[in-house]
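Heads up: the structure comes next, in structure tokens.
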Amino acid sequence: MQNNTLGNPLFPEDWQMDEVSGEKLYKLISEQEYYLIFCDLKGFPKNSKAKEIETYEEFMESDCQFVLNLVDSSYTWIYCKNQTTIKNLHAKVLALGYENLEYLTEENKGNDTLIAW
């Protein structure tokens, strides 16, 4: 956002999205504010084969470690295989004042798709 209007896109059209390090992504998103309407990011360890993950089962069976989906600027789902990371994220968003948080589990995961649109 720039002056309450949509500014530059988060990911320029000529940007290669196949392999972006966590450090590079953090630097990119820290440089200015963004208004995300839809977001579908998946994190894989270095030297692993990144592939499209569409379902929870594919996530669990893959090398993918982290999924961030944001829909309509307000509904956010995070899937993370590292329990410490997900607990720290939960504590952080609670400290920031967010409400209506819940852990997704095998029993309440609901919609099986991991694609934001």
Side-chain angles (χ1 to χ4, degrees):
M1 298 288 292
Q2 294 174 347
N3 299 322
N4 284 334
T5 62
L6 293 178
N8 297 325
L10 176 59
F11 303 113
E13 288 182 30
D14 62 345
W15 212 46
Q16 181 67 332
M17 282 297 298
D18 291 340
E19 294 188 23
V20 177
S21 69
E23 294 83 14
K24 186 174 181 179
L25 179 62
Y26 179 78
K27 182 180 181 322
L28 179 72
I29 64 175
S30 299
E31 290 175 348
Q32 60 182 323
E33 292 182 18
Y34 293 96
Y35 183 76
L36 294 177
I37 298 171
F38 292 99
C39 180
D40 180 11
L41 298 176
K42 297 181 176 81
F44 291 83
K46 281 186 176 183
N47 302 321
S48 69
K49 178 86 169 131
K51 64 177 191 170
E52 184 59 47
I53 305 293
E54 295 183 4
T55 67
Y56 177 77
E57 286 73 23
E58 289 175 353
F59 168 68
M60 293 306 293
E61 294 170 2
S62 73
D63 289 337
C64 184
Q65 298 297 302
F66 190 88
V67 175
L68 170 65
N69 285 340
L70 180 112
V71 177
D72 291 339
S73 304
S74 58
Y75 299 101
T76 305
W77 293 266
I78 297 173
Y79 295 84
C80 182
K81 290 181 180 172
N82 183 303
Q83 294 299 306
T84 301
T85 299
I86 203 70
K87 287 177 184 175
N88 289 340
L89 281 169
H90 189 264
K92 177 75 172 176
V93 295
L94 280 176
L96 290 170
Y98 288 89
E99 299 175 351
N100 300 320
L101 302 175
E102 66 179 88
Y103 282 101
L104 295 176
T105 65
E106 291 285 335
E107 292 75 34
N108 74 351
K109 66 183 184 307
N111 190 349
D112 228 14
T113 186
L114 298 185
I115 299 175
W117 44 79

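In this chain, residues are counted from 1 in sequence order.
Under the 4.5 Å side-chain heavy-atom criterion for Ile, Leu, Val, Met, Phe, Trp and Tyr, Val67 and Tyr75 are members of the same hydrophobic cluster. Leu41 and Ile78 fall within a single hydrophobic cluster, where Ile, Leu, Val, Met, Phe, Trp and Tyr side chains are chained together by heavy-atom contacts under 4.5 Å. Transitive grouping of hydrophobic side chains (ILVMFWY, heavy atoms separated by less than 4.5 Å) brings Ile53 and Met60 into a common cluster.
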### Task
Might you work through the side-chain contact (heavy atoms from CB on, under 4.5 Å) test for Phe38 and Leu70, ending with a clear yes or no?
CA-CA 5 Å; Phe38 292 99; Leu70 180 112; over 6 Å; no

### Query
For Lys42 and Glu52, what are the C-alpha separation, side-chain angles and deciding distance, and is it a side-chain contact (heavy atoms from CB on, under 4.5 Å)?
CA-CA 8 Å; Lys42 297 181 176 81; Glu52 184 59 47; 3.4 Å; yes

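A donor-acceptor pair is defined here as one N or O able to donate and one able to accept, closer than 3.5 Å; such a pair exists between the side chain of Gln65 and the backbone of Asp63.
For the atom pair OH (Tyr79) and CG (Leu68), the distance works out to 11.5 Å, reported to the nearest 0.5 Å. Taken from CD in Glu54 to CG in Asp40, the straight-line distance is 9.5 Å, to the nearest 0.5 Å. Distance CZ/Phe44 to NZ/Lys49: 10.0 Å, rounded to 0.5 Å. Summarising the geometry, atom NZ belonging to Lys92 is positioned 12.0 Å from atom CG belonging to Leu94; distances are rounded to the nearest 0.5 Å.
Taking the six-membered ring where the residue is Trp, Tyr103 and His90 present parallel rings, their angle staying beneath 30° rather than reaching 60°.
The shortest distance between side-chain heavy atoms of Tyr98 and Thr76 does not fall below 4.5 Å.
Cation-pi geometry between Lys81 and Phe59 is met: the NZ or CZ atom falls under 6.0 Å from the ring centre, inside 45° of the normal.
Ile86 and Cys80 make their closest contact through CD1-CB, 3.9 Å (heavy atoms, listed as atom of the first residue, atom of the second, distance).
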